[in-house]
Amino acid sequence: MKKENENNNIENKITYHFFDAFQKIEVNRWDAIVDKDVAINSPAGYNLSGLQTLKDWINAFGQVAYQIDLIDEHLAIDGEGNGRAFITVNLNWKHEQEFFGLQPTGREGTSVETLLFTIVSNKIVRIDVADNTSDLAIYLWDRGWPMPHNIRPKTIITGVNRKLV
């Protein structure tokens, strides 16, 4: 694979390789681009880790998400392959079979989500998932899915606490 900054062609980018494996549920392709100890945070689970955890999740979710569309992507890395990136996807899903203990309802919907990547030496070492729409999150919450609350991640810049001013 070419270094990410050698060519702006999307097919040569780590973002595209991640997306393409995701949409096809070919998770073993991630072995070359995702660190084995990747940190994973999302509205569906916080403080998870490991490439196998990610693969297991996506293999299960792939039974519900029947089409995954790439909406946007961006890659900003330096000459050593360090930086950040994101992909925004639209998950088209239908709950027709059990999903992590949730019984199927036949409900169908979409979920626009952005996956924020931290990249070190051309490997994704952290993935933070942000919901752009609430359809899937509300559906899971209504069925008792445990969602993380009051998360306070490490900040780049801590904002002014106006309650103390």
Side-chain angles (χ1 to χ4, degrees), residues 1-7 9-77 81-105 107-133 135-137 139-140 143 145-148 151 153:
M1 182 185 325
K2 291 182 180 183
K3 285 195 172 191
E4 306 314 316
N5 59 355
E6 287 181 1
N7 190 332
N9 186 348
I10 192 168
E11 287 84 10
N12 292 328
K13 292 182 176 182
I14 194 171
T15 49
Y16 177 79
H17 287 282
F18 186 93
F19 163 73
D20 193 51
F22 183 22
Q23 72 151 333
K24 295 174 181 172
I25 315 299
E26 296 174 350
V27 296
N28 287 334
R29 292 172 48 197
W30 288 341
D31 293 350
I33 61 169
V34 178
D35 188 79
K36 68 178 179 60
D37 297 318
V38 62
I40 309 158
N41 298 303
S42 84
Y46 194 81
N47 207 21
L48 305 173
S49 65
L51 179 55
Q52 191 58 54
T53 299
L54 180 63
K55 288 177 175 182
D56 292 346
W57 173 262
I58 297 306
N59 278 323
F61 190 72
Q63 302 302 311
V64 178
Y66 58 86
Q67 181 177 330
I68 302 170
D69 305 315
L70 182 64
I71 305 300
D72 198 2
E73 65 83 35
H74 183 74
L75 176 64
I77 58 174
N82 301 319
R84 296 197 177 132
F86 74 82
I87 62 172
T88 300
V89 297
N90 186 27
L91 307 173
N92 298 272
W93 58 273
K94 187 168 186 177
H95 192 188
E96 297 180 295
Q97 52 190 306
E98 182 186 340
F99 176 70
F100 286 109
L102 295 180
Q103 295 305 307
T105 64
R107 169 81 157 72
E108 187 169 11
T110 62
S111 184
V112 178
E113 303 193 10
T114 298
L115 288 74
L116 306 163
F117 302 131
T118 301
I119 301 170
V120 175
S121 298
N122 290 307
K123 285 232 175 184
I124 298 168
V125 298
R126 181 182 173 109
I127 302 171
D128 291 291
V129 179
D131 286 344
N132 299 70
T133 60
D135 190 24
L136 182 57
Y139 177 77
L140 293 173
R143 273 137 201 86
W145 189 273
M147 301 276 186
I151 301 301

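Numbering of residues begins at 1 and proceeds along the displayed sequence.
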> Is there side-chain contact between Ile71 and Asn132, with heavy atoms separated by less than 4.5 Å?
Replying inline: no
>> Just verifying a value: how many Å separate Phe18 CZ and Leu115 CG, rounded to the nearest 0.5 Å?
In response: 5.5 Å
>> List the residues meeting side-chain contact (heavy atoms from CB on, under 4.5 Å) with Val64, not counting sequence neighbours, and say none if there are none.
In response: Trp93, Phe99
>> Heavy-atom count check: over 12 atoms from other residues, nucleotides or ligands less than 6.0 Å from Arg107 CZ?
In response: yes
> Which distance, rounded to the nearest 0.5 Å, do you find between the CG of Asn92 and the CG of Asp69?
Replying inline: 5.0 Å
> Taking all atoms of both residues into account, what is the closest heavy-atom pair of Lys123 and Ala32, and its distance?
Replying inline: CE-O, 3.5 Å
> Among all residues two or more places apart in sequence or in another chain, which pass the side-chain contact (heavy atoms from CB on, under 4.5 Å) test with Glu26?
Replying inline: Lys24, Arg29
> Under the 3.5 angstrom rule, does the side chain of Trp145 hit a backbone N or O of Ala44 as a donor-acceptor pair?
Replying inline: yes
> Taking NZ, NE, NH1 and NH2 as the nitrogens, is one of them in Lys55 or Asp31 under 4.0 Å from a carboxylate oxygen of the other?
Replying inline: yes
> Under the side chain to side chain contact (heavy atoms under 4.5 Å, CB included) criterion, do Asn122 and Ile77 qualify, and how do the steps go?
Replying inline: CA-CA 8 Å; Asn122 290 307; Ile77 58 174; 3.7 Å; yes
>> Is it the case that the side chain of Asn82 and the backbone of Ser121 share a donor-acceptor pair, with hydrogens and angles ignored and the cut-off at 3.5 Å?
In response: yes
> Is the closest side-chain heavy-atom distance between Phe117 and Leu75 below 4.5 Å?
Replying inline: no
> Taking it one step at a time, do Tyr139 and Thr105 satisfy side chain to side chain donor-acceptor pair (under 3.5 Å)?
Replying inline: CA-CA 10 Å; Tyr139 177 77; Thr105 64; 2.5 Å; yes
> In Å and rounded to the nearest 0.5 Å, what is the CD1 to CD distance from Ile14 to Glu73?
Replying inline: 11.5 Å
>> Can you tell me how far apart CD1 (Ile68) and CD1 (Ile25) are? Round to the nearest 0.5 Å.
In response: 4.5 Å
> Under 4.5 Å between any side-chain heavy atoms of Gln23 and Leu70, yes or no?
Replying inline: no
> Quick one: which of Asn41, Thr118, Thr114 gives a side-chain hydrogen bond (donor to acceptor under 3.5 Å, both in side chains) with Asp128?
Replying inline: Asn41
> Does Thr133 reach the main-chain N or O of Val112 with its side chain, forming a donor-acceptor pair under 3.5 Å?
Replying inline: yes
> If you look at every heavy atom in Ile119 and Gly81, which pair is closest and at what distance?
Replying inline: CG2-O, 3.3 Å
>> Looking at every heavy atom in both Gly109 and Asp135, which two are closest together, and how far apart are they?
In response: CA-OD2, 3.4 Å
> What's the spacing between Phe19 CZ and Asp72 CG if we round to 0.5 Å?
Replying inline: 12.0 Å
> Can you tell me how far the CD atom of Glu108 sits from the NE2 atom of His95, to the nearest 0.5 Å?
Replying inline: 13.0 Å
> How far apart are the closest heavy atoms of Pro148 and Ser42, and which atoms are they?
Replying inline: CG-O, 3.6 Å
> Given Glu113 and Leu91, is the side chain to side chain contact (heavy atoms under 4.5 Å, CB included) satisfied, shown in steps?
Replying inline: CA-CA 8 Å; Glu113 303 193 10; Leu91 307 173; 3.5 Å; yes
>> I want to know whether Trp57 and Phe100 have ring centres closer than 6.0 Å.
In response: yes
>> Looking at every non-hydrogen atom in both residues, tell me the closest pair between Ile40 and Gly50 and how far apart they are.
In response: CD1-O, 3.6 Å
> What is the minimum heavy-atom distance between Leu140 and Met147, and which atoms define it?
Replying inline: CB-CE, 3.7 Å
> Do the non-hydrogen side-chain atoms of Leu54 and Val27 ever get within less than 4.5 Å of each other?
Replying inline: no
